[in-house]
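For reference, the structure discussed in these notes is given below.
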Amino acid sequence: MDIQTLKSQRLSTPALVLDENEILASLESLAELRQKSGCKLLYSIKSLPFTAVLALAKPYVDGFSVSSLFEARLASEILAGSGSVHLTTPGIRPDELAKLSQYCSHISFNSLHQYQRFSEATDCSVGLRVNPKLSFVADDRYNPCRQHSKLGTDIDLLWQSEHLPKLRGLHVHNNFSGTDYTPLIKTVEKIELFLREQFANLEWLNLGGGYLFNEINNQQPFIDLVKRLTDKYGLNVYIEPGKAVVGRSGYLLATVIDQFVSDGKTIAVLDTSVNHHPEVFEYQFQAELHEQQANGDYSAILAGSTCLAGDLFGEYRFKQPLAIGEQVVFKDLGAYSLIKASRFNGYNLPDIYLHRDGQWRQAKHYAYEDYRQQWLADS
Ligand SMILES: *Cc1c(COP(=O)(O)O)cnc(C)c1O
């Protein structure tokens with residue numbers, strides 16, 4: 001998206017601007033990978049379940065992947081029968097199983113215990129999430145194979161389990177924003193080694209998300225992997241990217257609403273906050289800012305407008321000093337931003353705009369009534 005043109009629109013802020021052209025380009029490149037490898041493609045809706053995005057994705061995918069009852073219901077309503085819904089979560093509740101079975105086509109139980117408890121009571125295609133005990137993520141906060149992981153069944157237990165022959169599928173997800181396929185290949189090889197001939201009894205293998213599939217230059221290792229699994233074992237191989245679909249296509253547009261000096265540094269207060277992109281605070285990283293000039297002569301600490309002292313985007317450098325009323329744009333904010341956002345302090349959620357071919361359209365505006373409704377007691 002051309003950021004200068006975006007800013008010249010003077011859209012209302014704060015706003016999450018989603019570029020439909022870019023989302024479609026991501027979907028097309030994933031569809032090409034699907035076509036070349038023969039894998040099946042699901043969109044992991046937890047990254048951004050905005051229905052406009054689901055509608056864009058629908059023609060390109062074989063279904064959606066979900067992690068809860070609400071996600072399962074939304075996915076099933078949007079697909080309206082034209083695609084499968086795959087669930088995996090540590091959080092299946094007994095009172096939700098009937099509804100989950102209605103909305104989902106595939107369930108990968110998280111533990112052997114969960115499997116034993118629920119598998120008889122569902123007519124979904126039943127599998128198990130496996131913890132392959134292979135870590136590729138240095139930061140344990142998002143490492144599914146960390147010590148004492150809660151995610152998936154320990155592969156050392158699984159291969160000896162009496163339940164293994166009854167499973168229709170396996171699910172594995174053990175990477176984060178991967179940009180090469182080596183971890184995926186090593187993971188599959190380990191599962192193959194441990195499961196041996198049991199592998200041929202499975203109908204499907206879900207390889208999860210956690211890869212920026214369309215940013216990986218050499219797709220051949222993935223294509224070869226899927227082809228081998230399909231030819232050798234007759235498996236249906238699924239991938240379920242989230243961030244790879246929407247991550248790069250989202251922009252947070254904000255306005256500088258105040259500026260002053262504090263202990264010798266310029267503070268620029270924005271009409272947004274880290275509550276619109278909580279991962280900035282959770283993981284203490286700095287989001288990419290379009291206006292940032294690494295060698296710029298001016299600097300400012302971009303601050304959110306809530307009462308939390310640590311509600312800060314960090315210090316950025318600029319070619320020119322920021323001015324009150326100026327708009328700034330954070331990039332790569334499509335995934336795991338708005339879905340985690342809150343109205344802390346009573347600050348509204350961002351509007352959502354859709355951009356396509358030079359046209360901008362407001363697709364969502366949250367109002368005071370939405371805030372009031374959230375906090376209004378039922379009785
Ligand atoms: C979060 C998640 C995904 C999507 O991950 P991305 O990093 O957004 O591609 C897919 N599958 C499972 C099980 C997940 O937890």
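Ligands are counted one by one from 1 in listed order, and the atoms in each one are counted from 1 as well. Only heavy atoms go into these numbers, but all of them, side chains included; no hydrogens, no water, no symmetry mates.
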Give every pair made of an N or O atom of ligand 1 and a protein N or O atom lying under 3.5 Å apart, one pair per line with both atom names and the distance to 0.1 Å, or write 'none'.
from: ligand 1; atom 1: 5 (O); to: Tyr336; atom 2: OH; distance (Å): 3.4
from: ligand 1; atom 1: 7 (O); to: Gly210; atom 2: N; distance (Å): 3.4
from: ligand 1; atom 1: 8 (O); to: Gly242; atom 2: N; distance (Å): 3.4
from: ligand 1; atom 1: 8 (O); to: Lys243; atom 2: N; distance (Å): 2.8
from: ligand 1; atom 1: 8 (O); to: Tyr336; atom 2: OH; distance (Å): 2.5
from: ligand 1; atom 1: 9 (O); to: Gly210; atom 2: N; distance (Å): 3.0
from: ligand 1; atom 1: 9 (O); to: Gly242; atom 2: N; distance (Å): 3.0
from: ligand 1; atom 1: 11 (N); to: Glu240; atom 2: OE2; distance (Å): 2.7
from: ligand 1; atom 1: 15 (O); to: Lys46; atom 2: NZ; distance (Å): 2.8

Is there a donor-acceptor pair closer than 3.5 Å between any side-chain N or O of Ser37 and the backbone N or O of Leu33?
yes
Decide if the gap between the ring center of Tyr283 and the ring center of Tyr142 is smaller than 6.0 angstrom.
yes
Students often mix this up, so state it plainly: with edges at 30° and 60°, are the rings of Phe313 and Phe330 parallel, tilted or perpendicular?
parallel
So which of Glu203, Gln198, Glu197 actually passes side chain to side chain donor-acceptor pair (under 3.5 Å) with Asn201?
Gln198
Would you please classify the geometry between the His86 ring and the Tyr238 ring as parallel, tilted or perpendicular, with 30° and 60° separating the classes?
tilted
To the nearest 0.5 Å, what is the distance between CG on Leu270 and OG1 on Thr255?
8.5 Å
